Amino acid sequence: MKKFDNVTILDHPLISHKIAILRSVDTRTKDFRELVEEITTLLTYEAFKDAPTREVEVTTPLEKCKQKMVVENSIAIVPVLRAGLGMVAGVHTLFPTAKVGHIGMYRDEETLEPQEYYCKLPEGIEKMRAIVLDPMLATGGSAAAAIDMLKKRGCKEIRQMSIIAAPEGIERLATAHPDVKIFVAVCDRCLNENGYILPGLGDAGDRLFGTK
Ligand code: PRP
Ligand code: URA
């Protein structure tokens, strides 16, 4: 795959360990949900490395000191329904005050093109850093469309956070939105003829919500 300056592939042993269990056909809904949350927390640690901070004064039992804290109201997470919902708690574990917007999108089974059906974003999102959450970056169509929607609402600083990506999806998104930083835990081999990631993990929404 071509190298893109705006793409970070975490490739970390602890994340890899969890993804191995996540991929397995034997992993049931409860464990799948917990793993998506845990992997998201690990991704958040990386993607928030340069989160906006402000210095505060803290009194310890011994003395006063200055310490940085993340600026509240500076970050909004935007899960793409349905599967992105599984990542929300993973971000909130580290940054509980992140605002949440929702974008509803599903892929047309024939064309694989995203169809929008819902959009509700926090007030003032145009002044925040918006992080789109979707565990699967397959063709990249859903992520690119979600980011288009955020840009139309005036968002200037946007990031994408996914667990498993296909090279095709990374290439499409990185090319369509070179200004958007993309964080993925792992990049897989390719897409199959139905637009599923190989080896992937199957349908993330169905596995998270037990719908199949
Ligand atoms: C899945 C996934 C992404 C999208 C990725 O959603 O959660 O949103 O596919 O594919 P793309 O990169 O090719 O656009 P799906 O359309 O299955 O909807 P669901 O989450 O409601 O099941
Ligand atoms: N959406 C999924 O849930 N899984 C894939 O492999 C591709 C798109």
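Positions are given from 1 along the sequence. Ligands are counted one by one from 1 in listed order, and the atoms in each one are counted from 1 as well. Note that this is a predicted model, so its numbers are computed, not measured. Both backbone and side-chain heavy atoms feed into the values below; hydrogens, waters and symmetry mates do not.
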Protein heavy-atom partner closest to [atom] - residue, atom, separation in Å:
atom: atom 17 (O) of ligand 1; answer: Asp203 OD2, 3.9 Å
atom: atom 22 (O) of ligand 1; answer: Arg82 NH2, 2.8 Å
atom: atom 5 (C) of ligand 2; answer: Tyr196 CD2, 3.4 Å
atom: atom 8 (C) of ligand 2; answer: Arg107 NH2, 3.5 Å
atom: atom 13 (O) of ligand 1; answer: Thr139 OG1, 2.5 Å
atom: atom 10 (O) of ligand 1; answer: Arg107 CD, 3.2 Å

Hydrogens and angles aside, do [X] and [Y] bring a side-chain donor and acceptor to less than 3.5 Å of each other?
X: Asn6; Y: His177; answer: no
X: Thr211; Y: Arg82; answer: yes
X: Gln160; Y: Ser162; answer: yes

Short check: is a protein heavy atom less than 4.0 Å from atom 19 (P) of ligand 1?
yes
Protein contact for atom 4 (C) of ligand 1 (heavy atom, distance under 4.0 Å)
yes
Please could you name the atoms of ligand 1 that Met136 approaches to less than 4.0 Å, counting only its heavy atoms?
3 (C), 5 (C)
Close-contact set for ligand 1 against Tyr106 heavy atoms, below 4.0 Å
16 (O)
Could you label the plane-to-plane angle of the Phe95 and Phe48 rings as parallel, tilted or perpendicular, counting under 30° as parallel and over 60° as perpendicular?
perpendicular
Check contact between [X] and ligand 2, using heavy atoms of the residue and a distance below 4.0 angstrom.
X: Gly195; result: yes
X: Arg207; result: no
X: Gly202; result: yes

Is it the case that ligand 2 has an N or O less than 3.5 angstrom from some N or O of Ala204?
yes
Polar-atom distance check: Ile197 versus ligand 2, any N or O pair below 3.5 Å?
yes
Which option out of Ala166, Ser142, Pro135 puts a heavy atom nearest to atom 14 (O) of ligand 1?
Ser142
Where's the contact between Ala138 and ligand 2, heavy-atom distance under 4.0 Å: side chain, backbone, both or neither?
side chain
Measuring from atom CD1 of Ile197 to atom CZ of Arg23, what distance do you get when rounded to the nearest 0.5 angstrom?
9.0 Å
Distance from Arg159 atom CZ to Cys155 atom SG, nearest 0.5 Å?
13.0 Å
Check: Lys181 and Asp50 side chains under 4.5 Å, non-hydrogen atoms
yes
Student check: side-chain heavy atoms of Arg107 and Pro114 closer than 4.5 Å:
no
Is the shortest distance from a Lys or Arg side-chain nitrogen in Glu34 or Lys30 to a carboxylate oxygen in the other one below 4.0 Å?
yes
Does a salt bridge link Lys66 with Glu55, judged by any charged N lying under 4.0 Å from a carboxylate O?
no
What are the two closest non-hydrogen atoms of Tyr117 and Met105, and how far apart are they?
CE2-N, 3.1 Å
Does Leu191 share a hydrophobic cluster with Leu173, counting links as ILVMFWY side-chain heavy atoms below 4.5 Å and allowing steps through other members?
no
Any Gly140 heavy atom less than 4.0 Å to ligand 1
yes
Would you please determine whether Asp134 falls within less than 4.0 Å of ligand 1 on a heavy-atom basis?
yes
